[in-house]
2 protein chains.
Amino acid sequence: MTPTSDPSDDPADGRTSGGARPARRGHRARRGEGQQLREDILDATEELLVAAGDEQAVSIRAVAEKVGRTSPAIYLHFDDKDSLVHAVCERLFDRLADRMDTALADIDDPVERVRAAGHAYVAFATEHPAAYRVLFMDRNDWTGHESTMEGLHDSVAFQSLYRNVVDAYDAGRFHGPGPELTSLALWMGMHGLASLLIAKPSFEWPEQEFLVDLLCEQSLRGLLHDEIG
Amino acid sequence: MTPTSDPSDDPADGRTSGGARPARRGHRARRGEGQQLREDILDATEELLVAAGDEQAVSIRAVAEKVGRTSPAIYLHFDDKDSLVHAVCERLFDRLADRMDTALADIDDPVERVRAAGHAYVAFATEHPAAYRVLFMDRNDWTGHESTMEGLHDSVAFQSLYRNVVDAYDAGRFHGPGPELTSLALWMGMHGLASLLIAKPSFEWPEQEFLVDLLCEQSLRGLLHDEIG
DNA sequence: GCGCTAAGTTAGCGTTGATAAGTTAGCGCC
DNA sequence: GGCGCTAACTTATCAACGCTAACTTAGCGC
């Protein structure tokens with residue numbers, strides 16, 4: 001995770017743990033310590049992005065001020081604003097896998113695992129609306145992965161559902177067009193729900209958990225119809 | 001010597017049906033004719049929005065130039081860029097209702113009507129990606145309608161599915177949580193599909209029609225399970 | 001001490017949405 | 001026929017943005 005391979009730690013640097021460091025303007029990083037500033041920039045951007053809730057509201061100048069540098073210094077570490085924001089969001093979304101693992105830890109039934117995965121997915125999306133928007137609602141072609149259905153499997157977002165759908169099929173619980181298409185359809189439903197909640201937060205939606213269950217119910221009834229017939 | 005500063009007007013950009021009129025700079029509208037320019041501004045903005053495919057790529061200055069005025073003149077007719085773009089998109093989406101009517105004209109079976117409504121909805125969305133993005137994927141609270149579930153019924157987008165779902169329930173074909181929740185879930189699925197197609201156009205998705213059918217199938221199998229059991 | 005260069009800075013370009021303040025055309029009215 | 005009112009517009013400008021060119025300086029090896 002964090003590149004803590006730096007042996008020469010300078011305690012006189014005045015660093016505080018957590019959040020963007022208070023690096024003073026004019027205090028320049030030592031040779032080879034550029035990577036540290038890179039991390040600080042990511043932290044600062046994430047903070048601003050979460051606070052603003054909108055990519056547009058985050059400016060390079062604001063990020064620079066937060067890390068105690070001037071705006072052109074940012075471009076020493078990132079090609080442009082897009083790649084900076086994108087890096088932040090991908091870093092954020094790497095935590096989705098962990099979130100899934102903890103959410104599904106105590107659940108054995110494959111179908112219940114699918115349902116729980118849907119809940120965790122939507123919950124994660126609405127907890128990180130700005131990141132979700134950047135990665136899945138803004139136009140940018142495609143998020144570092146190959147733009148094919150095979151590439152989709154590398155996406156944590158898709159995987160989180162897919163794996164459990166595969167298990168449900170393997171356990172003989174699902175009857176449908178196969179795990180690939182089933183999880184694609186499920187994912188699209190969950191994405192539709194998540195993106196609407198994010199795009200229209202002031203709309204008086206029914207409870208998020210209720211909506212996830214509603215969507216799951218509607219899909220699962222068809223997939224399970226042999227069981228509940 | 002810039003060729004674009006030629007004072008003589010471009011005759012080729014003559015008024016075509018639905019296009020922006022070639023109003024010359026300096027020719028000011030007569031008293032009471034401000035509404036005509038307002039329409040011209042809407043036309044010009046729609047043209048630019050469709051051409052660019054992105055709200056961000058449309059600038060007030062470009063709109064002003066297209067209607068032969070200066071940029072502050074736009075603000076005589078619209079509060080700000082947001083309300084201009086929004087007005088354009090709502091005007092565009094008013095055509096969705098007609099689209100639905102023609103798409104469903106020859107279909108009697110209520111369930112098939114729901115399926116066809118889904119197809120028409122997603123098709124309309126992907127044919128007007130910029131407008132769909134502005135209305136349903138960007139953050140703006142909420143599109144002129146009341147932000148309640150009751151207000152959702154005024155939305156053409158929702159109505160287009162809802163009416164047919166009601167019919168399917170009335171015909172005794174659907175068995176589920178009721179037309180309101182069923183159409184909400186169906187709409188969220190269709191929105192998820194449409195918004196992903198729009199957000200990631202370069203992704204090699206399966207065919208759009210196949211995806212709509214896939215989602216319909218997954219939902220309808222549950223709703224219809226008495227019939228196909 | 002000398003040079004190299006990573007890591008910055010200062011200054012500024014071009015564009016954007018938006019505003020303040022000035023101007024002009026057209027109409028009613030005496 | 002001239003006066004004034006005001007709708008409809010322009011000119012000039014602001015502050016903020018992403019981004020770049022060109023310069024500077026700190027720290028390291030030699």
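Here is how names work: the chains are called A, B, and so on, in the same order as the sequence lines, proteins then strands, and each is numbered from 1.
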Taking the side chain of [X] as heavy atoms from C-beta outward, which of [options] is closest to it?
| X | options | result |
| --- | --- | --- |
| His77(A) | dT11(D), dG8(C), dT13(D) | dG8(C) |
| Tyr75(B) | dT10(D), dG17(C), dT10(C) | dG17(C) |
| Ala73(A) | dT10(D), dG17(C), dT9(C) | dT9(C) |
| Pro72(A) | dT9(C), dG18(D), dT13(D) | dT9(C) |
| Arg61(B) | dG8(C), dG17(C), dG18(D) | dG17(C) |

Among Val165(B), Leu184(B), Leu161(B), side-chain contact (heavy atoms from CB on, under 4.5 Å) partner for Pro179(B)
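Answer after filtering Val165(B), Leu184(B), Leu161(B): Val165(B).
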
For a quick test of reading the model: is some side-chain N or O of Thr70(A) closer than 4.0 Å to OP1 or OP2 of dT9(C)?
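Looking at the OP1 and OP2 atoms of dT9(C), one of them is under 4.0 Å from a side-chain N or O of Thr70(A).
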
Assigned partner base of dC30(D), Watson-Crick or wobble definition, under 3.5 Å
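The base-pairing partner of dC30(D), which may sit in any strand shown, is dG1(C).
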
Between [atom2] of [N] and [atom1] of [X], the distance in whole Å:
| X | N | atom1 | atom2 | result |
| --- | --- | --- | --- | --- |
| Asp79(A) | dC19(D) | CG | P | 10 Å |
| Lys81(B) | dG17(C) | NZ | P | 4 Å |
| Phe78(B) | dT19(C) | CZ | P | 15 Å |
| Glu65(A) | dG18(D) | CD | P | 13 Å |
| Glu55(B) | dG17(C) | CD | P | 10 Å |
| Ile74(B) | dT19(C) | CD1 | C1' | 15 Å |
| Arg38(B) | dA8(D) | CZ | P | 13 Å |
| Leu37(B) | dT10(D) | CG | C1' | 14 Å |

In terms of the angle between their ring planes, are Tyr162(A) and Phe158(A) parallel, tilted or perpendicular, with boundaries placed at 30° and 60°?
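Geometry flag for Phe158(A) against Tyr162(A): parallel rings.
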
Hey, can you tell me if Trp205(B) and Phe203(B) have their rings parallel, tilted or perpendicular (30° and 60° cut-offs)?
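If you compare the ring of Trp205(B) with that of Phe203(B), the planes turn out tilted.
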
What contact category does Val58(A) fall into here, base, sugar-phosphate, or nothing, at under 4.0 angstrom with non-hydrogen atoms?
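The residue Val58(A) makes sugar-phosphate contact but no base contact.
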
Students often get this wrong, so: under 4.0 angstrom with heavy atoms, is Leu76(A) touching a base, only sugar-phosphate, or nothing?
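Contact class for Leu76(A): base.
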
Under a 4.0 Å N-O cut-off, is there an ion pair linking Arg95(B) with Glu46(B)?
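Here Arg95(B) pairs with Glu46(B) in a salt bridge, since their nearest N and O are under 4.0 Å apart.
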
Can you name the one residue among Glu146(A), Arg163(A), Glu180(A), Gln159(A) that meets side-chain hydrogen bond (donor to acceptor under 3.5 Å, both in side chains) with His153(A)?
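Single pass found, and it is Glu180(A).
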
